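Presented below is the structure to which this report refers.
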Amino acid sequence: MDIFEHFRTTVSSVIEQLVTAGTLPEGTDMSRIAVEPPREAAHGDVTTNAAMVLAKPAGQRPRDLAETIADLLRRSDGVAAVEIAGPGFINLQIDASFWPDVVRAALEQGERYGRSDIGAGVSVNVEYVSANPTGPLHVGHCRGAVFGDALANLLAFVGHDVVREYYFNDAGGQVDVLARSVFLRYREVLGEDIGEIPSGLYPAPYLIPVARHLADMHGADLCDMPEDEWLPLIRREAIEFMMAVIRSDLEAINIKHDVFFSESSLHGPGGPVETTLAALRERGLVFEGRLPPPKGQLPEDWEDLEQTLFRATEFGDDVDRTVIKSDGAYTYFAADVAYFQTKYDRNFKQMIYVLGADHGGYVKRLQAVAKAISGGDAEVIVLLCQLVKLFRGGEPVRMSKRAGEFVTLRELIDEVGPDVIRFIMLFRKNDAPLDFDFEKVTEQTRENPVFYVQYAHARICSVMRNAARSASGDGSGHLALTNCHLNLLQDDGEIAIIKRIAEFPRVVQGAAAAHEPHRIAFYMYELASALHAQWNRGKELPHLRFIDEKNPDATAARLALCRAVRYVLSNGLGILGVVPVQEMR
RNA sequence: GGCCCCGUAGCUCAGUCGGAUAGAGCACCAGAUUCCUAAUCUGGGGGUCGCAGGUUCGAAUCCUGCCGGGGUCACCA
């Protein structure tokens, strides 16, 4: 039950009548016609700009054409009144008999209400987090993690086949540094005095447990090995250990990936890196060459070296990108190219990369790769999350990554809880910066939107519990609720809630199309607001209370409405990955 | 210097593929609880949508230029 879809159809059929009548030319473009909720409730329930958009092809003034359209709309089903306003808006007032259908649809569809199939047939790969396995996740990873997860939920909700993917760099210098750092800790665990951790190695103590594990398994054996023997062994152990830590941190904020993709699996003889680059070389897109010096300030140690390059400029990038360094090693980007190829081979049509704002420079090269490999068949969508600034009581929290001092995601979860983190992170557009204050977000105050929305859900649950106990409320069963007299819901506040419910599918589709899960969070807030407002009206006007023992029929209808709201809250919070709590005390 | 993002109420932010009188929370002021959870609600004041042009029936939204803030800029991961 999407009323806007319904009335879009109504408007379309009216336009077709006008085409048949010759008022409008054949093949009139209807794509610019909007059928949507007006910004102001006073303007009716549904509004369309059709007359203004079609005025030119019709050769009429907007308001004159609006009159013609309005006349036809007046005769359509479900339309109670039609008004022309402003420069030519056509405002529809929906027949009161329509609203019960909205509630009924929400109840019947329940957990499916708001879902759609607009994404059917388009498989999407959403890659997010993808932090290196060299340490636990910290707050810097948090926003992208939550955003990516909610986006994946959202896309799945509208019918996409979604795979949630984590790409981890287990090849290259960083993980060797990790292994050496662990080796040092290992010797420390065995009783050796290692002194200060040399610069260039990871100083933080989170590696000690890995070292202890190694000591348990191997005793002191590794000390006697040459580096080229212990390094790969420790590296493997350390990566496995860190990935386990990362996975469990992610689970603690309700995030689960479908695929953990290893960078090193791309390397090796005959592997994707080799074959992908070879194929591009065949096409002349990978070649030996030199790069112009970088613009602006020239780095001290810049040298004009011959490298192996990917011809990114042919696909819209600013410069060609190195795939094999002057020392013969592959760049990280070379693995990226091969990685994209594997995604493309897995038949994804959209590859979404959720990255931090500091990776903005990667957008063009990733899109260039997509164009080169898929020829435009698959699309790379890069979504950048702005950084999060941490505060405590208004004071910035200082972090120094070099000294190993940073707030880990785990600490954040332990202190404020997953729901607060997720909702706050999603209650903002992803490309806007975010200040996160430990103290403010844990206060259960009115300025905390998480509790506001959860409270609405808890309130409904409370009403249900009370209704189940009282004589009038035995109709908490599903069928009893859908068969009750929903046309008794006539109070302005009740209608306002129903209108919100009616918007949900549209909001979900808009949010999905724009890749903006925050729209769901704001919608949740508005729906909660409508519910709280109606609750409070019952204080002054007892006959409007959800449970009115003198009026069992109205009570049954309102319980049905509550249940519908509960489904919407629960479905929406489900997309955000926030738990719809049943009780708050 | 090149590229990307941001600039909306005192503060933090929404603003639907361009729509009507630009919205919400906080803060401030005035109210609401014998009664379904006051973690709630009702009312009030508060705006040069950074600036200047352009596109059109119509611009916070699209285009150009400028101002201000942030990010990023060969072989690093």
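Since this is a predicted model, take the numbers as computed values, not measurements. A, B, ... follow the sequence lines: proteins, then strands. Residue 1 opens every chain.
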How far apart are the C-alpha atoms of A:F261 and A:Y166, what are their side-chain angles, what is the distance that settles it, and do they pass the ring pair (Phe, Tyr, Trp, His ring centres under 6.0 Å) test? CA-CA 6 Å; A:F261 199 100; A:Y166 185 125; over 10 Å; no
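Within a 6.0 Å radius of CZ in A:R290, other residues, nucleotides and ligands contribute more than 12 heavy atoms. For A:E583, the CD atom counts as densely surrounded, since its 6.0 Å shell holds more than 12 non-hydrogen atoms of other residues, nucleotides or ligands.
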Please table the atom pairs, donor to acceptor, closer than 3.5 Å between any side-chain atom in residues 42-52 of chain A and protein atoms at least two apart or in another chain.
residue : atom : partner : partner atom : Å
A:D45   : OD1  : A:K499  : NZ           : 2.7
A:D45   : OD2  : A:I94   : N            : 2.7
A:T47   : OG1  : A:N91   : OD1          : 2.8
A:T48   : OG1  : A:A34   : O            : 2.9
A:T48   : OG1  : A:A50   : N            : 3.1
A:N49   : OD1  : A:A34   : N            : 2.8

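Contacts between residues 319-336 of chain A and RNA chain B, counted as heavy-atom distances below 4.0 Å, involve A:T322, A:K325, A:T331, A:Y332.
Under the 6.0 Å distance and 45° angle rule, A:R392 counts as a cation-pi partner of A:F438. Cation-pi check for A:R519 over A:F522 is not met; the charged atom does not lie both under 6.0 angstrom from the ring centroid and within 45 degrees of its normal.
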Short N/O separations, protein against nucleotides 10-14 of chain B, under 3.5 angstrom:
residue : atom : partner : partner atom : Å
B:rU12  : O2'  : A:R428  : NH2          : 3.4
B:rC13  : OP1  : A:R428  : NH1          : 3.1
B:rC13  : OP1  : A:P433  : O            : 3.4
B:rC13  : O5'  : A:R428  : NH1          : 2.7
B:rA14  : OP1  : A:K429  : N            : 2.9

Protein-nucleotides 21-24 of chain B N/O pairs closer than 3.5 Å?
residue : atom : partner : partner atom : Å
B:rG23  : OP1  : A:E40   : OE2          : 3.1

For nucleotides 32-36 of chain B, tabulate all protein N/O to nucleotide N/O atom pairs closer than 3.5 Å, reporting atom names and distance.
residue : atom : partner : partner atom : Å
B:rC35  : O2'  : A:R545  : NH1          : 2.6
B:rC35  : O2'  : A:R545  : NH2          : 2.8
B:rC35  : O2   : A:R545  : NH1          : 2.4
B:rC36  : O4'  : A:R545  : NH2          : 2.8
B:rC36  : O3'  : A:N466  : ND2          : 3.1
B:rC36  : O2'  : A:N466  : ND2          : 2.5
B:rC36  : O2   : A:I547  : N            : 3.1
B:rC36  : N3   : A:F546  : N            : 3.3
B:rC36  : N4   : A:W535  : O            : 2.7

Find every protein N or O atom lying less than 3.5 Å from an N or O atom of nucleotides 67-72 of chain B, and list the pairs.
residue : atom : partner : partner atom : Å
B:rG71  : O2'  : A:A357  : O            : 3.3

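For the atom pair SG (A:C385) and CZ (A:F147), the distance works out to 5.0 Å, reported to the nearest 0.5 Å. Atom-to-atom distance recorded for A:I246:CD1 and A:S130:OG is 10.0 Å, nearest 0.5 angstrom.
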How does RNA chain B look in dot-bracket form if you count Watson-Crick and G-U pairs under 3.5 Å, write [ ] for pairs that cross, and put | where a base pairs with another strand? (((((((..((((.....[...)))).(((((.......))))).....(((((..]....))))))))))))....
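Contact annotation: A:Y452 side-chain N/O to B:rA38 OP1/OP2 distance is not under 4.0 Å. At least one side-chain nitrogen or oxygen of A:K56 sits closer than 4.0 Å to the OP1 or OP2 atom of B:rC57.
Listed for the A:H141 side chain is a donor-acceptor partner under 3.5 Å among the backbone atoms of A:H138.
Distance check on atom C1': B:rG15 versus B:rA9 gives 14 Å, rounded to whole Å. The C1' atoms of B:rU48 and B:rC4 are separated by 28 Å, rounded to the nearest whole Å.
Under the 4.0 Å criterion applied to side-chain N and carboxylate O atoms, A:E526 and A:R500 are assigned as salt-bridge partners. Ionic pairing of A:R506 and A:E503 is not present here: no N-O contact between side-chain nitrogen and carboxylate oxygen is shorter than 4.0 angstrom.
For A:E379, there are no salt bridge (charged side-chain N to carboxylate O under 4.0 Å, His left out) partners two or more places apart in sequence or in a different chain. Qualifying side chain to side chain donor-acceptor pair (under 3.5 Å) partners for A:Q307, counting only residues two or more places apart in sequence or in other chains: A:T322. Legend: residues meeting side chain to side chain contact (heavy atoms under 4.5 Å, CB included) with A:D358, ordered by chain and number and at least two apart, are absent. When the side chain to side chain donor-acceptor pair (under 3.5 Å) test is applied to A:D64, the partners found at least two apart in sequence or on another chain are A:R61.
For the salt bridge (Lys or Arg N to Asp or Glu O under 4.0 Å) condition, the pairs that include at least one residue of residues 167-179 of chain A, sequence neighbours left out, are A:D176-A:R235.
Look at CG on A:N49: it is 15 Å from C1' on B:rU61, rounded to the nearest Å. A straight line from CZ of A:R290 to C1' of B:rC75 spans 13 Å, rounded to a whole angstrom.
The aromatic rings of A:F310 and A:F333 are tilted relative to each other, their planes meeting at an angle between 30° and 60°.
Across all strands shown, A:E583 has heavy atoms under 4.0 Å from base atoms, whether or not it also approaches the sugar-phosphate.
Remark: ring of A:F89 overlaps the six-membered base ring of B:rA20 in a stacked fashion, centroids less than 5.5 Å apart, planes less than 30° apart.
When every heavy atom of A:L231 is checked against every heavy atom of A:R180, the shortest pair comes out as CD1-CG, 4.0 Å.
Taking 3.5 Å as the limit, the base of B:rA20 and the side chain of A:T47 contain a donor-acceptor pair of atoms between them.
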